[in-house]
Amino acid sequence: MKRVQQGFTLIELMIVVAIIGILAAIAVPQYQNYVTKARWADLNTATAPFKQAISQCLQENNGTVASCDSAAELNVTLPANNTGNMASMTITADTAAIVATGNATVGNCVVTWTPTVSASRVAWAGVTSGANCSKAQTGIDAAAGT
């Protein structure tokens, strides 16, 4: 009487475990980058009201950056330190650049949004700085500035 094979052989199970291990080795770092990038998207969105306030101030003051480079001049309140994923947010004097610093959960990266004033609009360029901070983490392409 011929015996029918039941179940899987040890080598088949080992192959499946190896494939799962390879997929996990690729997927886990990509997922961590995705989560960090999503947290930075939240931080970059948090800068939007301040970008709008600075843009409006620049339009009302004929593009004079010195009139729009502090929270007091803009009549806004910057977020308190250590809120969510943000360590701090500041507005730089003389340039009106918004500097958003992330905490450890987002890799302690810093994104600086700098306005460029032209006759018809205000354009914002983002620059990433900090150790191991890249577009994969912050969503900001440092080379392109967006």
Side-chain angles (χ1 to χ4, degrees), residues 7-146:
F8 298 103
T9 65
L10 180 60
I11 191 72
E12 291 171 332
L13 292 174
M14 290 176 65
I15 290 170
V16 169
V17 169
I19 290 170
I20 291 172
I22 291 168
L23 291 174
I26 294 168
V28 169
Q30 290 299 324
Y31 176 74
Q32 289 171 336
N33 283 344
Y34 172 77
V35 169
T36 302
K37 192 173 180 178
R39 289 178 178 158
W40 265 105
D42 184 41
L43 291 176
N44 290 330
T45 301
T47 63
F50 307 104
K51 289 179 186 177
Q52 183 178 9
I54 291 170
S55 296
Q56 181 178 351
C57 179
L58 288 169
Q59 288 177 345
E60 291 171 354
N61 290 292
N62 296 324
T64 306
V65 176
S67 301
C68 306
D69 62 356
S70 72
E73 291 171 337
L74 298 170
N75 197 23
V76 296
T77 303
L78 294 172
N81 289 348
N82 300 317
T83 55
N85 298 313
M86 186 179 306
S88 67
M89 183 185 293
T90 60
I91 298 175
T92 307
D94 299 326
T95 63
I98 300 170
V99 180
T101 305
N103 60 20
T105 60
V106 291
N108 296 317
C109 296
V110 177
V111 173
T112 305
W113 291 98
T114 306
T116 303
V117 183
S118 67
S120 60
R121 70 184 187 123
V122 177
W124 291 89
V127 176
T128 302
S129 61
N132 300 320
C133 295
S134 65
K135 183 177 182 179
Q137 286 189 288
T138 62
I140 306 299
D141 188 0
T146 58

Undergrad: For a side chain to side chain contact (heavy atoms under 4.5 Å, CB included) check, start with the C-alpha distance between Leu43 and Val111, then their side-chain angles and the critical distance, and finish with the verdict.
TA: CA-CA 9 Å; Leu43 291 176; Val111 173; over 6 Å; no
Undergrad: Give the minimum heavy-atom separation between Thr112 and Ala97, together with the two atoms involved.
TA: CG2-CB, 4.0 Å
Undergrad: For a quick test of reading the model, state the closest non-hydrogen atom pair linking Met86 to Asn103 and the distance between them.
TA: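 Residues Met86 and Asn103, closest heavy atoms: N-ND2, 4.0 Å.
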Undergrad: Applying side-chain hydrogen bond (donor to acceptor under 3.5 Å, both in side chains), can you list everything that pairs with Ser118, at least two apart in sequence or on another chain?
TA: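 Partners of Ser118 by the side-chain hydrogen bond (donor to acceptor under 3.5 Å, both in side chains) criterion come out as none, since no residue qualifies.
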Undergrad: Over all heavy atoms of both residues, which pair between Leu78 and Met89 is shortest? Give the atoms and the distance, please.
TA: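 Closest approach of Leu78 to Met89, heavy atoms only: CD1-O, 3.5 Å.
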Undergrad: According to disulfide bond (SG atoms under 2.5 Å apart), does anything in residues 99-138 pair up with another residue at least two apart or in another chain? List the pairs.
TA: Cys109-Cys133
Undergrad: Taking side-chain contact (heavy atoms from CB on, under 4.5 Å) as the test, write out the residues that go with Val76, two or more places apart.
TA: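 By the side-chain contact (heavy atoms from CB on, under 4.5 Å) rule, Val76 matches Phe50, Ala53, Ala71, Leu74.
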Undergrad: According to side-chain hydrogen bond (donor to acceptor under 3.5 Å, both in side chains), does anything in residues 20-29 pair up with another residue at least two apart or in another chain? List the pairs.
TA: none
Undergrad: Check whether any side-chain N or O of Asp69 sits under 3.5 Å from a backbone N or O of Asp94 as a donor-acceptor pair, and report yes or no.
TA: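 Judged by distance alone, yes, a pair lies under 3.5 Å.
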Undergrad: Tell me which donor-acceptor pairs under 3.5 Å the side chains of residues 11-19 have, and how far apart each pair is, sequence neighbours excluded?
TA:
from	atom 1	to	atom 2	distance (Å)
Glu12	OE1	Thr9	N	2.9
Glu12	OE1	Thr9	OG1	3.4

Undergrad: Please find the pair of heavy atoms, one from Trp113 and one from Ile140, that lie closest to each other, and give the distance.
TA: CZ2-CD1, 3.4 Å
Undergrad: Checking Thr47 now: which residues fulfil side-chain hydrogen bond (donor to acceptor under 3.5 Å, both in side chains) with it, not counting sequence neighbours?
TA: none
Undergrad: Quick one: pull up CZ in Arg39 and CD in Gln137 and give me the separation to the nearest 0.5 Å.
TA: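 So the CZ of Arg39 and the CD of Gln137 are separated by 11.5 Å.
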Undergrad: Using the side chain to side chain contact (heavy atoms under 4.5 Å, CB included) definition, which of the options Asn33, Val35, Val28 pairs with Tyr31?
TA: Val35
Undergrad: Provide the full list of disulfide bond (SG atoms under 2.5 Å apart) pairs with a residue in residues 30-75, sequence neighbours left out, each pair given once.
TA: Cys57-Cys68
Undergrad: Please list, chain by chain and in numerical order, all residues satisfying side-chain contact (heavy atoms from CB on, under 4.5 Å) with Thr90, sequence neighbours excluded.
TA: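 For Thr90 the side-chain contact (heavy atoms from CB on, under 4.5 Å) partners, ignoring immediate neighbours, are Val99.
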Undergrad: Not counting sequence neighbours, which residues clear side-chain contact (heavy atoms from CB on, under 4.5 Å) with Ser70? List them please.
TA: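 Testing Ser70 for side-chain contact (heavy atoms from CB on, under 4.5 Å), a comparison that skips the adjacent residues, returns Ala72, Glu73.
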Undergrad: Looking only at heavy atoms, what is the nearest atom pair of Lys37 and Lys135, with distance?
TA: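 Minimum heavy-atom contact is CE-O, 4.0 Å.
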Undergrad: Could you pull out the closest heavy-atom pair between Ser67 and Asn61, with the gap in Å?
TA: CB-CG, 3.9 Å
Undergrad: If you measure from CG on Asp42 to CG on Asn85, what distance do you get to the nearest 0.5 Å?
TA: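 Output value for this atom pair is 6.5 Å.
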Undergrad: Once side-chain hydrogen bond (donor to acceptor under 3.5 Å, both in side chains) is applied, do any residues pair with Glu60, and if so which ones, sequence neighbours excluded?
TA: Gln56
Undergrad: Please enumerate all residues that pass side-chain hydrogen bond (donor to acceptor under 3.5 Å, both in side chains) together with Gln30, with sequence neighbours excluded.
TA: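 For Gln30 there are no side-chain hydrogen bond (donor to acceptor under 3.5 Å, both in side chains) partners, ignoring immediate neighbours.
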Undergrad: Looking at residues at least two apart in the chain, or sitting in another chain, which of them share a side-chain contact (heavy atoms from CB on, under 4.5 Å) with Val122?
TA: Ser55, Leu58, Pro115, Trp124
